[in-house]
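Treat the numbers as computed from the prediction; the structure is a model and nothing was measured. Each chain gets a letter, A, B and so on, in the order its sequence line appears, and its residues count up from 1.
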Protein chains: 2
Amino acid sequence: MSKAAATRLNILHKAFELIYAKGYQTTSIDEIIATTKVTKGAFFYHFKSKDEMGLAIINEILKPTMEESFIKPLENATEPIGVIYQMMYDLLFNNEFLKLEYGCPAGNLTQEMTPWNVEFSEVLSSLTRKWHSTLEKLIEIGKKNGNIRPNVNAAQVAYFVMSGYWGIRNFGKVYKSKDCYFAYLEELKVYLDGLK
Amino acid sequence: MSKAAATRLNILHKAFELIYAKGYQTTSIDEIIATTKVTKGAFFYHFKSKDEMGLAIINEILKPTMEESFIKPLENATEPIGVIYQMMYDLLFNNEFLKLEYGCPAGNLTQEMTPWNVEFSEVLSSLTRKWHSTLEKLIEIGKKNGNIRPNVNAAQVAYFVMSGYWGIRNFGKVYKSKDCYFAYLEELKVYLDGLK
DNA sequence: ATAAAAACATACTAATTAGTATGTTTTTTG
DNA sequence: CAAAAAACATACTAATTAGTATGTTTTTAT
């Protein structure tokens, strides 16, 4: 990787962490260049504006990591219940990047940006839709191979499961304890077993 | 009500709407006084700082309205399943203040403020805990009167149900359609019926 | 090696921010 | 009614913001 490309990637990574912790609008460019030790000239050489950087973060950092954590574990799976539970467990307890007090990066950005920024809204929407369709397909597979009851509505289940995840991440933030994660996961298990 | 008290309340209400739509940190005092047609002198006569106003909004506006929508419908109820479903339905479809694209005011504030503002965090946490304990108590009543299976874990169910609500509010924001509300509610019904 | 382009650095700007200093006008109280 | 306090108004300030103008240095291509 060229030095310039490394500078750019470094900005994206550090800015992503700052935005994850503090929010997009309250993370200033001055703060980003201070932590990356890059000058303002370099920053605006790589990105025309703050929003261009923000979209690059979503497309080049958030999207690939979400594919890894939210999509990949569900692909090529045949037994939805165990796989979905395990994915949630891993996200809540085994992910070394995600922090209890900062919640879910995609959820945070969605809440902050979608009401007024069309570009952010569109790219976040497509991320979310991809997760939903992956989940839905997996449930359908489960229905076909008998792991899931045939009268289960796959699209509904997908929404229900995803909502729970975004919600419990917000509870973790306010309670500042993973206890609610445990409770959520236990009840998720009860719910998923009901789909058999 | 005195004229001064009316001015103060007007600031709180207008500021609450702005913050609901745009977020706390990105709603400026200048914007608040412009929409309330109150001068800066009046604003800082009533509130020592922006944060003091923010906390007043939570305590004097958000808290009472949440008690009305999230607590009262559950109190003195005996049949949890129908009551919880109806509350969610009313929140998602019959509430004239809440807007699809702006999500849940308490959820928004929680996500934005709890990582770094202790005071906001504490008051939002107590709001959330109150909702949780009300839900938990209702489930316990249902267990005693036979509407809910005895082996159901009430605290877990409360977390699970609350998470789903915060989550689906966020989905509504990004999808900009109430379709996901319908799907969520249908699956909530399936889940709740499983607690019988 | 050298010219050209890419990458980065420094110093600025105009707008916006929360908050203050210092008033004037209302309202209340004796 | 008159003094005092409460309520509100105006004009400022210092800090921070995204972004620009104008450089210098480093890399690349010939």
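Within residues 6-24 of chain B, the residues approached by DNA chain D to less than 4.0 Å at the level of any non-hydrogen atom are B:Thr7, in residue-number order.
Look at B:Lys72 and B:Glu75 and you find no salt bridge, because none of the NZ, NE, NH1 or NH2 atoms lies under 4.0 Å from a carboxylate O.
Sorted by first and then second residue, the salt bridge (charged side-chain N to carboxylate O under 4.0 Å, His left out) pairs involving residues 98-116 of chain A (not counting sequence neighbours) form an empty list.
Judged by closest nucleotide on DNA chain D, B:Thr39 is the one of B:Thr39 and A:Asp51 placed further toward the 5' end. Heavy-atom distances to DNA chain D give each of A:Phe44 and A:Asp30 a nearest nucleotide, and the one nearer the 5′ end belongs to A:Asp30. Take the nearest nucleotide of DNA chain C for A:Ala42 and for B:Ser49: the residue whose nucleotide is more 5' is A:Ala42.
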Verdict with supporting geometry, B:Trp166 and B:Thr128, side chain to side chain contact (heavy atoms under 4.5 Å, CB included): CA-CA 11 Å; B:Trp166 264 357; B:Thr128 309; 4.0 Å; yes

After noting the C-alpha distance and the side-chain angles of A:Lys143 and A:Glu140, does the key distance pass the salt bridge (charged side-chain N to carboxylate O under 4.0 Å, His left out) rule? CA-CA 5 Å; A:Lys143 282 165 73 175; A:Glu140 290 294 354; 3.6 Å; yes

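Both the sub-6.0 Å distance and the 45° axial angle are satisfied by A:Lys50 relative to the ring of A:Tyr24.
Here D:dT16 presents its C1' atom at 15 Å from CD of A:Gln25, a figure rounded to the nearest Å. For A:Met1 and D:dT27, the CE to P distance is 15 Å, given to the nearest whole Å. If you measure from atom CD of A:Glu31 to atom C1' of D:dA18, you get 14 Å, rounded to the nearest angstrom. The distance between atom NZ of A:Lys50 and atom C1' of C:dT16, rounded to the nearest whole Å, is 13 Å.
Candidate nucleotides C:dT10, D:dC8, C:dG19 were compared by shortest atom distance to the side chain of A:Lys40, and C:dT10 ranks first.
Partner A:Arg8 forms a side-chain hydrogen bond (donor to acceptor under 3.5 Å, both in side chains) with one of A:His46, A:Glu60, A:His13 and no other, that one being A:Glu60.
Phosphate contact (OP1/OP2 of D:dC8, side-chain N/O of B:His46, threshold under 4.0 Å): present. Side-chain nitrogen and oxygen atoms of B:Ser28 include at least one within less than 4.0 Å of the OP1 or OP2 phosphate oxygen of C:dT17.
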